[in-house]
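Let me begin by presenting the structure, written as structure tokens, before commenting on it.
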Amino acid sequence: MLGYLLRRIGLAGLMLFGLVCLTFVISNVAPSDPAALAAGPDAGRSQIEQARRDYGLDKPLPEQFLRYLTDLAHGDFGRSIATGRSVGTDLARYFPATLELVILAMALGVLLGVPLGVLSALRKDGPADHATRIFAVSGIALPPFWFGLLLQLAFATWLGLLPTSGRLSVFTEPPPPITGLLLVDSLLTGNFGLFREALSHIILPAIVLSLPCLASILRVNRSEMVEALRMDYVTAARAHGVTPWRIVMVHALKNAMLPTLAIIGLRWGWMMSSTVLVETVFDWPGIGLYAVSSAIAGDFKPVMGVTLIVGLNFMIANLIVDLLYGVLDPRLRRA
Amino acid sequence: MSATAEETVAAPPRRRLRLALWLLSRSFSSMLGLFLVIAIVVLALIGPWIVPYPDHVAGAVSLANKLQPPSAAHWLGTDEVGNDILTRVIIGARISLLVGIGITFAAAAIGVPLGILAGLAGGRLREAIMRFTDLFLSVPGLVLAIALVAALGPGIVNAMIALILVWWPGYVRLAESKALSIREEPFIEAARVAGASRARILRRHVLPNSLSPLIVKMSMDIGQAILAVASLGFIGLGAKPPTPEWGAMISIARGYLPDWWWYAMAPGVFIYLAVLGFNLLGDGLRDILDPRSNRG
């Protein structure tokens, strides 16, 4: 087990290095001059040259790469032109909003996707199966930004049930952060009014973000369950008189959950990525909105910072899934 | 790989095609997918000749007609400068389809040869190619595309380049794993013994046998690429108005919600149906060509 653990962690370390290489390459091989980007859109020639010297961009590439690595190791992602703050500070400020959204969306995806997948597999080729499959394909094909606009239109504007955008109403003073997750913080301080308000704001973006994830968990879980229910061990269990409920929940689902787990790991990273669209639609003050507004303003460092954070999340999620695999599937530990 | 895939490859081409079409026609969702794809392709091909207001494509301005609700003259209403939305959405099909197909084929053209090379060569070359590929897989697609567009500058051409760079590693992975499994097959051994050159083995034996999963992936990817281009257009990093690109249209229409809500409807429905079509078709093709592969 220890060997497996070390190998996986080593692999994650390699991926992290690759990620840093990638952002470095994008920053440097791009046709646009990084010094001009660093100096800002309105800089003159002398300012650009100044920035080139300041940021060490006149040095040879390997030296620049080393400098980039040391900066990152110190948590220095550079400075944002638009906000004037260091990108690290901005990321720390915006990340909890994204994290809260992604956690809730993932919870929705798993809690609805797994049971629907099981249902679909049990009623294979029946009306319930067809309905859930159509729902699943639609979930992947619906443009999230458009779906978000539709929900805003329906639930906020026409029905007036939920707020249109933001994390809290503009009149509400955000509480001092404990975890940074409003739903958790408001419960910790016993402020149920704030909890309700935060929940009413997060529910629509979370639904939009969870839909593709829900759909893909459903599809994987369904096909794995169909496969598992055909296996000899299920027939054997049935012959031994194990109750149908137990066969489904224990024998089949346990085996179907492994590939589902892999999808959950992948989807965590993808959600961190597609949250960009959802945050744009709902004015959700997370790293996605930060990346988009920076990219449009030609503000380069924040975009790279977000890329690194999203890549890091992707890597950690995959590492956790790999380790869980090792725990759940003894065959892998020996391999 | 699977028994069905090999049998279909072994049968003569016309019978193989007939079998595939028959299998496809038995599934409702595959037929729906095929219908949607054909509809989009036909719209894209004949669009400029059937649109009611051809001069509204490039963005003619007739402010007297702006933001009209759907009517007999303008089935889907008009936009903020008085252009017919139906006209622009139909021309949008041309752009989206071209961009989606372009991205997918370019990505496959880069990824497949590299993947087959990696799978067949093995050793250091394989390591080098695969590690380089992994580099691009360390960040999920959309954020990587945004980072690349931020570096290249916004615009539809740069958005396409960024999405090609995001998409090719998937094809390396696919082709490499196919090449690895095919390399061990007896018929490759036989070809080698018979004195076939490496290039001939690649072209005549490895490529045709990797074709099924490739077609499935490409069908899915055209849909996803259409969605990705629309997404970049929506956040303002892709096509720029007045180009009638669906995502960019929704981005403008968003400013006219909720009072002129129909403006945002048509482009969204078209994106949805186009992506749905390619996904359903890909799903159906997979059931026929590559039944044992994983779904996700």
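Keep in mind that the numbers below use all heavy atoms, side chains included, and drop hydrogens, waters and symmetry copies. Below, chain A is the first sequence line, B the second, and so on; all start at residue 1.
For the set A:Ala295, A:Ser294, A:Pro143, the count of heavy-atom pairs under 4.5 angstrom toward chain B peaks at A:Pro143. Between chain B and the residues A:Val306, A:Leu14, A:Val281, A:Ile217, the largest count of heavy-atom pairs under 4.5 Å involves A:Val281. With respect to chain A, the highest number of heavy-atom pairs below 4.5 Å among B:Ala230, B:Pro154, B:Gly223 belongs to B:Ala230. In terms of heavy-atom pairs under 4.5 Å with chain B, the best-connected choice from A:Thr157, A:Thr23, A:Ile134, A:Leu142 is A:Leu142. Contacts with chain A were tallied for B:Leu142, B:Val275, B:Val143; B:Val143 has the most, counting heavy-atom pairs under 4.5 Å. The most heavy-atom pairs under 4.5 Å with chain B, out of A:Gly18, A:Ser273, A:Ala291, come from A:Ser273. By number of non-hydrogen pairs under 4.5 angstrom with chain B, the leading residue of A:Phe147, A:Phe17, A:Trp270, A:Phe314 is A:Phe314. Chain B forms the most heavy-atom pairs under 4.5 Å with one residue out of A:Cys21, A:Ala136, A:Ser138, and that residue is A:Ser138.
Only the side chain of B:Leu237 has a heavy atom closer than 4.5 Å to any heavy atom of chain A. Looking at B:Val149, there are no atoms closer than 4.5 Å to chain A (heavy atoms on both sides), in backbone or side chain. Contact of A:Val137 with chain B is made through backbone and side chain together, with heavy-atom distances under 4.5 Å. In this structure, the portions of B:Ser231 lying under 4.5 Å from any heavy atom of chain A include both its backbone and its side chain. Within the 4.5 angstrom heavy-atom criterion, only side-chain atoms of A:Leu153, from C-beta onward, approach chain B. Residue contact with chain A, scored on non-hydrogen atoms closer than 4.5 Å, involves the backbone and the side chain of B:Leu276 alike. Neither the backbone nor the side chain of A:Met315 comes within contact range of chain B; no heavy atoms are under 4.5 Å apart. When heavy atoms are compared at a cutoff of 4.5 Å, B:Pro258 approaches chain A by way of both its backbone and its side chain. Residue contact with chain A, scored on non-hydrogen atoms closer than 4.5 Å, involves the backbone of B:Leu137 exclusively. A:Leu150 touches chain B through its side chain: at least one heavy atom from C-beta onward sits under 4.5 Å away, while N, CA, C and O do not.
Between B:Ile235 and A:Ile296, the closest heavy-atom pair is O-CD1, 3.0 Å. Minimum heavy-atom separation, B:Ala147 to A:Ile26: O-CG2, 4.0 Å. In this structure, B:Phe234 and A:Leu149 approach most closely via the heavy-atom pair CE1-CD1, 4.4 Å. Annotation for B:Ala150 and A:Val303: closest pair CB-CG1, 4.0 Å, computed over non-hydrogen atoms. Closest approach of A:Thr280 to B:Arg254, counting heavy atoms only: O-NH2, 2.9 Å. Considering all non-hydrogen atoms of both residues, A:Leu22 and B:Ser138 come closest at CD2-OG, 4.1 Å.
More than 12 heavy atoms of other shown residues, nucleotides or ligands fall within 6.0 angstrom of atom CZ in A:Phe65. Within 6.0 Å of CZ on B:Phe132 lie no more than 12 heavy atoms contributed by other residues, nucleotides or ligands.
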List the steps, then state whether ring pair (Phe, Tyr, Trp, His ring centres under 6.0 Å) holds for B:Trp261 with A:Trp158.
CA-CA 11 Å; B:Trp261 55 269; A:Trp158 289 340; 5.6 Å; yes
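To the nearest 0.5 angstrom, A:Phe145 atom CZ is 4.5 Å from B:Ile250 atom CD1. To the nearest 0.5 Å, atoms CZ (A:Arg133) and CG (B:Leu280) are separated by 10.0 Å.
Within the 4.5 Å cutoff, side-chain heavy atoms of B:Asp283 are placed close to those of A:Arg219.
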